2 protein chains.
Amino acid sequence: MTPITIYDIAREADVSVSTVSRVLNDTAPVRASTRQKVLSIIEKHQFQPNALARSLIKKETGTIAIILPDITNPFFPEVFSGAENEARGLGYTFFLCNTGGDHDRESEYLSILREKRVDGIIFLGGRVNLQNCPEDMAQELNDIAERLPIVLVNGNLPKSRIHRVYTDEAAGAVLAVKHLLDLGHREIAFVGGLQKMSTTMLKVKAVQKTLKEHGLEIPKDRLLLGSFSIDDGKRLMSELLEQDNRPTAVMCVNDYTAIGAIKATIEHGLSIPKDVSIVGYDDTPLATAVIPELTTVSQNTYQLGKLAVDILHELILQKKPRRNTTLQPELIVRQSTGPAPAKI
Amino acid sequence: MTPITIYDIAREADVSVSTVSRVLNDTAPVRASTRQKVLSIIEKHQFQPNALARSLIKKETGTIAIILPDITNPFFPEVFSGAENEARGLGYTFFLCNTGGDHDRESEYLSILREKRVDGIIFLGGRVNLQNCPEDMAQELNDIAERLPIVLVNGNLPKSRIHRVYTDEAAGAVLAVKHLLDLGHREIAFVGGLQKMSTTMLKVKAVQKTLKEHGLEIPKDRLLLGSFSIDDGKRLMSELLEQDNRPTAVMCVNDYTAIGAIKATIEHGLSIPKDVSIVGYDDTPLATAVIPELTTVSQNTYQLGKLAVDILHELILQKKPRRNTTLQPELIVRQSTGPAPAKI
DNA sequence: GTGAAAGCGCTAACAA
DNA sequence: TTGTTAGCGCTTTCAC
């Protein structure tokens with residue numbers, strides 16, 4: 001099929017393989033006429049050097065990988081997009097490893113990626129986002145990080161020295177609550193997110209803390225956790241709205257649940273933001289797709305991916321990039337939040 | 001860093017490299033005690049065989065690639081998801097190549113993937129979706145397909161023998177128009193999509209043909225093409241609504257533009273579906289995220305990805321899968337379509 | 001400026 | 001059941 005090698009080229013050009021290699025890699029001077037001859041034969045056969053053989057020697061593959069939980073959740077394509085774009089510019093190709101949040105699958109991929117000798121790994125979500133990552137899973141990652149550059153995006157690992165790029169998720173949550181407080185809201189609920197994920201609890205705690213500073217709190221029946229899906233947002237919001245004393249504002253763990261919350265609210269015949277204000281998180285493209293457009297917290301998702309690659313690249317180059325890179329979140333006020341309704 | 005090889009293992013276990021290789025690959029019987037010894041040493045050193053060296057010999061990498069235009073467009077993650085899930089089961093890892101619809105980038109990736117010796121390629125969108133794919137671009141793909149398994153998803157290439165998996169997009173459009181006709185609509189418009197893409201024109205033509213069979217047509221000023229974005233859907237729909245004689249139903253090239261159309265409609269103070277019916281295409285997760293929920297055509301996106309991998313896998317195994325695999329689209333009726341309003 | 005030859009880490013005959 | 005050895009296709013000294 002593709003039996004044509006550098007030897008075939010060499011023979012036909014009547015030079016040695018090293019010469020062919022030299023024109024291929026521009027690694028030493030070659031006489032112009034020789035180079036031309038070689039080049040034309042390469043062209044003629046559409047010869048493509050075997051990257052496997054080259055990588056075997058050079059100990060670099062020009063390949064990096066990203067491990068993430070769910071590419072169909074619009075947050076991740078955005079990160080990927082930023083990462084891929086940067087990586088391509090730096091000469092890398094990307095493995096995309098979708099784990100479905102399954103930790104075994106994470107381990108599987110980790111193992112495969114080591115065998116395939118990727119130059120580095122970007123790890124998102126999953127075990128890295130757990131409130132309490134089990135010792136062995138953390139260990140596995142730490143071990144690998146000893147041998148292979150790894151960058152965690154928006155995650156953390158207990159007592160680990162792995163490099164990280166992340167937004168200050170708590171600060172983003174604070175921004176959102178303050179916005180609601182400024183609008184006069186006092187009855188605030190929190191909706192969505194798995195309790196075991198730090199993405200969820202980081203926000204919950206930040207909200208609680210901020211409210212406390214204002215002499216307020218989230219009562220238990222207004223703290224409704226679940227998953228990150230539209231459906232759960234809808235379901236939980238319904239519960240909230242059916243309570244005797246419904247909140248005037250709801251902070252959601254992400255845009256997906258916020259959209260579910262919007263749907264539930266409207267189905268209950270209420271108006272946004274007149275009756276209820278809703279704020280999301282992530283500023284995915286969905287945020288401007290819904291009516292009313294969603295007030296949400298931007299994490300600079302694209303930038304997150306880009307920076308992760310930059311750090312990874314420096315790591316690969318054996319430079320010493322800073323261990324932590326943080327991005328400031330930003331509140332994007334749109335139409336789903338407004339002044340608190342007058343007291344009933 | 002990772003200087004440990006099969007030789008180190010062999011030496012320490014006091015066996016030959018071939019024995020180690022045998023226990024690694026289970027390629028020939030090895031005495032149980034020997035196997036145990038080798039295994040324990042492998043374990044001890046966390047040894048991972050170098051897949052590059054192996055691939056170099058076996059001429060297979062266990063890697064496939066997907067080339068697609070835009071992973072942030074929710075249609076593609078869905079395809080990818082179906083593909084990845086199937087591929088993982090078959091032992092493949094996935095390169096994701098995002099081209100932004102840029103044909104040069106497609107070529108670049110094609111070249112890199114050949115060098116990296118991927119086992120096969122799935123190609124989506126871009127040149128494969130052009131109404132008129134330039135000869136040279138088609139040629140490039142055909143050439144590669146001679147040497148490397150390729151499957152096109154929802155695309156086509158003039159006089160090419162490349163394998164394809166696709167939904168009958170025209171049939172889907174017909175389903176949608178008939179639905180509108182059944183609801184009594186006679187004033188139907190088409191919105192969105194690049195004219196140069198076959199995804200667009202396939203639908204346009206199908207709609208025109210169906211209307212013609214009913215003595216109807218889409219007048220020029222009701223055929224507004226553009227891009228595939230939410231913004232363009234919104235912009236074009238606005239144009240439509242500002243015409244003297246606005247249509248009662250709009251068929252959109254995809255869900256993204258349909259959502260834009262919904263936004264424009266509501267901003268114009270009209271009600272959906274009472275005043276205007278809107279239908280999308282693709283049945284992305286967005287379709288149920290908006291209010292009203294979108295009537296749309298499902299392409300079985302996930303299945304599309306899965307099947308593409310199945311066909312690719314057979315090709316890799318040198319089997320002879322059928323050249324064309326089609327999937328029937330399905331109309332999903334939700335809330336954005338309803339009876340045509342009484343004549344004005 | 002160019003060639004010969006020794007690997008990179010593994011698999012796969014071929015012997016034993 | 002196990003070991004020896006010749007590659008896979010390339011890069012890289014080291015000579016010339």
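So that the names make sense, note that chain A is the first sequence line, chain B the second, and so on, each numbered from 1. Since the structure is predicted, the reported quantities are computational estimates derived from the model, not experimental observations.
- Atom CG in D26(B) sits about 15 Å away from atom C1' in dT11(C), given to the nearest Å.
- Mapped onto DNA chain D by nearest heavy atom, A28(B) and K59(B) fall at different nucleotides, with A28(B) at the one closer to the 5' end.
- Across all non-hydrogen atoms, the minimal contact from V17(B) to I6(B) is O-CD1, 3.8 Å.
- R11(B) has its CZ atom 16 Å from the C1' atom of dT4(D), to the nearest Å.
- In terms of position along DNA chain D, the nucleotide closest to I57(B) lies nearer the 5' end than the nucleotide closest to the other residue of the pair I57(B) and R22(A).
- Rounded to whole angstrom, the span from the CZ atom of R35(A) across to the C1' atom of dT2(C) amounts to 13 Å.
- Residue T34(B) places at least one side-chain N or O under 4.0 Å from the OP1 or OP2 atom of dT2(D).
- Taking atom CG on N25(A) and atom P on dT12(D), their separation rounds to 7 Å, with Å as the unit.
- The separation between K58(B) atom NZ and dG7(D) atom C1' is 16 Å, rounded to whole Å.
- When the options I67(B), I121(B), N142(B) are evaluated for a side chain to side chain contact (heavy atoms under 4.5 Å, CB included) with I150(B), the one that passes is I121(B).
- Between F95(A) and F95(B), the ring planes are parallel. Angles under 30° get that label, and only those over 60° would be called perpendicular.
- Between the side chain of S18(A) and the base of dA4(C), a donor-acceptor pair under 3.5 Å is found.
- Atom-to-atom, CG of D8(A) to P of dC8(D) comes out at 11 Å; the value is rounded to the nearest Å.
- Comparing dC8(C), dC10(C), dT12(D) by their closest approach to the side chain of T27(A) singles out dT12(D).
- Residue S16(B) places none of its side-chain N or O atoms closer than 4.0 Å to OP1 or OP2 of dT2(D).
- Salt bridge E314(B)/K320(B): absent, no basic N to carboxylate O contact under 4.0 Å.
- Using a cut-off of 4.0 Å between Lys/Arg side-chain N and Asp/Glu carboxylate O, E108(B) and R88(A) are scored as not salt-bridged.
- If you take CD1 of I4(B) and P of dC10(C), they are 9 Å apart, rounded to a whole angstrom.
- Side-chain nitrogen and oxygen atoms of R54(A) include at least one within less than 4.0 Å of the OP1 or OP2 phosphate oxygen of dT11(D).
- In this structure, S21(A) reaches the bases: a heavy-atom distance under 4.0 Å links it to at least one base atom across the strands shown.
- Atom CD in E60(B) sits roughly 14 Å away from atom C1' in dC10(C) (whole-Å rounding).
- Note on V15(A): only backbone sugar-phosphate atoms sit closer than 4.0 angstrom, heavy atoms only; bases stay farther off.
- Relative to the side chain of T5(A), the nucleotides dT4(D), dG9(D), dT11(D) differ in distance, and dG9(D) lies closest.
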